[in-house]
**Student:** 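Let me give you the structure first, and then I'll get to my questions.
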Amino acid sequence: MASLGQILFWSIISIIIILAGAIALIIGFGISAFSMPEVNVDYNASSETLRCEAPRWFPQPTVVWASQVDQGANFSEVSNTSFELNSENVTMKVVSVLYNATINNTYSCMIENDIAKATGDIKVTESEIKRRSHLQLLNSKASLCVSSFFAISWALLPLVLYLMLK
């Protein structure tokens with residue numbers, strides 16, 4: 001059976017390993033947040049208006065609207081994007097409105113920062129509305145750092161437990 005001194009020693013070593021991993025995560029991944037956008041028809045507007053909302057982003061992303069029919073069109077003059085700081089004062093809610101949308105067209109709301117790119121698609125026809133969203137991580141170094149931290153933690157856990165009980 002391990003003595004109290006050995007248990008304390010290996011407990012401290014475990015805490016140091018976990019803290020080192022957490023620091024590596026922050027350095028590799030940075031403090032960031034991203035979420036899937038939801039695109040809806042805004043029925044309160046006077047014309048056909050689409051509303052794209054994503055609840056959490058940090059750092060501040062860019063928002064671009066695209067159209068399947070009007071490929072290459074610049075929608076910056078017929079859209080309005082705002083960023084509201086959330087209650088924790090770190091992440092922000094993204095709200096973007098596209099005015100003068102046309103029926104039987106597919107529109108995409110693309111939200112992107114250095115870490116991720118999220119796209120919300122909507123197609124509005126006379127009889128139905130179809131939606132689709134997807135998220136893509138752009139920073140592969142951050143993904144590798146996260147998976148490495150968890151792999152190392154799980155590999156070291158049995159060793160630390162063994163040494164504590166020895």
Side-chain angles (χ1 to χ4, degrees), residues 17-155 157:
I17 290 170
I18 290 169
L19 287 174
I23 290 169
L25 278 175
I26 290 171
I27 291 171
F29 200 54
I31 296 179
S32 62
F34 41 86
S35 58
M36 296 289 272
E38 186 176 316
V39 186
N40 290 300
V41 176
D42 189 350
Y43 292 105
N44 297 330
S46 58
S47 64
E48 293 295 331
T49 302
L50 303 177
R51 183 179 184 89
C52 176
E53 290 188 40
R56 286 185 159 19
W57 278 83
F58 185 84
Q60 183 170 318
T62 58
V63 179
V64 176
W65 284 91
S67 161
Q68 202 172 49
V69 172
D70 304 316
Q71 291 182 0
N74 179 1
F75 291 102
S76 62
E77 295 199 10
V78 290
S79 64
N80 184 25
T81 301
S82 64
F83 304 96
E84 295 175 26
L85 202 55
N86 286 322
S87 59
E88 78 277 0
N89 290 327
V90 176
T91 62
M92 59 194 72
K93 178 180 180 180
V94 178
V95 178
S96 186
V97 179
L98 177 67
Y99 304 101
N100 302 324
T102 57
I103 300 288
N104 297 322
N105 192 355
T106 300
Y107 290 93
S108 298
C109 170
M110 294 169 284
I111 304 173
E112 182 176 349
N113 64 15
D114 293 340
I115 307 297
K117 177 180 181 179
T119 304
D121 299 324
I122 188 168
K123 180 174 184 171
V124 181
T125 66
E126 305 250 347
S127 59
E128 68 180 338
I129 297 173
K130 291 182 181 178
R131 294 179 188 85
R132 184 180 67 155
S133 296
H134 53 92
L135 179 69
Q136 174 187 2
L137 286 178
L138 301 176
N139 190 335
S140 60
K141 177 182 167 189
S143 306
L144 181 61
C145 183
V146 170
S147 49
S148 299
F149 166 68
F150 288 114
I152 290 168
S153 296
W154 281 107
L157 186 62

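Computation of the quantities below employed the complete heavy-atom set of this structure, encompassing side-chain atoms and omitting hydrogens, waters and symmetry-equivalent molecules. Count residues from 1 along the sequence.
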**Student:** Scan residues 75-84 for pairs that pass salt bridge (charged side-chain N to carboxylate O under 4.0 Å, His left out), counting only residues two or more places apart or in two chains.
**Tutor:** none
**Student:** Glu38: what forms a side chain to side chain donor-acceptor pair (under 3.5 Å) with it, not counting sequence neighbours?
**Tutor:** Asn40
**Student:** Any pair with a residue in residues 109-124 that passes salt bridge (charged side-chain N to carboxylate O under 4.0 Å, His left out), sequence neighbours left out, goes on the list, sorted by first then second residue, please.
**Tutor:** Asp121-Arg132
**Student:** The criterion is side chain to side chain donor-acceptor pair (under 3.5 Å); which residues satisfy it with Ser76, sequence neighbours excluded?
**Tutor:** Asn74
**Student:** Are the side chain of Asn105 and the backbone N or O of Val69 linked by a donor-acceptor pair below 3.5 Å?
**Tutor:** yes
**Student:** Please determine which of Asn100, Val64, Asp70, Val63 meets the side-chain contact (heavy atoms from CB on, under 4.5 Å) test together with Phe75.
**Tutor:** Asp70
**Student:** What are the two closest non-hydrogen atoms of Thr119 and Ser108, and how far apart are they?
**Tutor:** CG2-CB, 4.1 Å
**Student:** Closer than 3.5 angstrom, by distance alone: can the side chain of Tyr99 be matched with the main-chain N or O of Asn80 as a donor-acceptor pair?
**Tutor:** no
**Student:** Are any side-chain N or O atoms of Ser133 and backbone N or O atoms of Pro37, one a donor and one an acceptor, separated by less than 3.5 Å?
**Tutor:** yes
**Student:** For the residue pair Tyr107 and Leu98, what are the closest heavy atoms and their distance?
**Tutor:** CD2-CD2, 3.5 Å
**Student:** Check whether any side-chain heavy atom of Trp65 sits under 4.5 Å from a side-chain heavy atom of Val39, and report yes or no.
**Tutor:** yes
**Student:** If you look only at pairs with a residue in residues 87-101, which of them pass as a salt bridge (charged side-chain N to carboxylate O under 4.0 Å, His left out), with sequence neighbours excluded?
**Tutor:** Glu53-Lys93, Arg56-Glu88
**Student:** Which heavy-atom pair separates Met36 from Pro55 by the least distance, and what is that distance?
**Tutor:** O-CD, 4.0 Å
**Student:** Any idea which heavy atoms bring Asn113 and Phe58 closest together, and the distance?
**Tutor:** ND2-O, 3.5 Å
**Student:** Do Val94 and Phe34 have side-chain heavy atoms sitting under 4.5 Å apart?
**Tutor:** no
**Student:** Hey, is the main chain of Arg51 close enough, under 3.5 Å, to the side chain of Asp42 for a donor-acceptor pair?
**Tutor:** no
**Student:** Evaluate the side-chain proximity of Val41 to Ile122: yes if any heavy-atom separation is below 4.5 Å, no if none is.
**Tutor:** yes
**Student:** In Å and rounded to the nearest 0.5 Å, what is the CD1 to CG distance from Ile115 to Leu137?
**Tutor:** 8.5 Å
**Student:** Listing request: all disulfide bond (SG atoms under 2.5 Å apart) pairs with a residue in residues 51-123, at least two apart in sequence or in separate chains.
**Tutor:** Cys52-Cys109
**Student:** Taking all heavy atoms of Ala118 and all of Trp57, pick out the closest pair and write down the distance.
**Tutor:** CB-CZ2, 3.7 Å
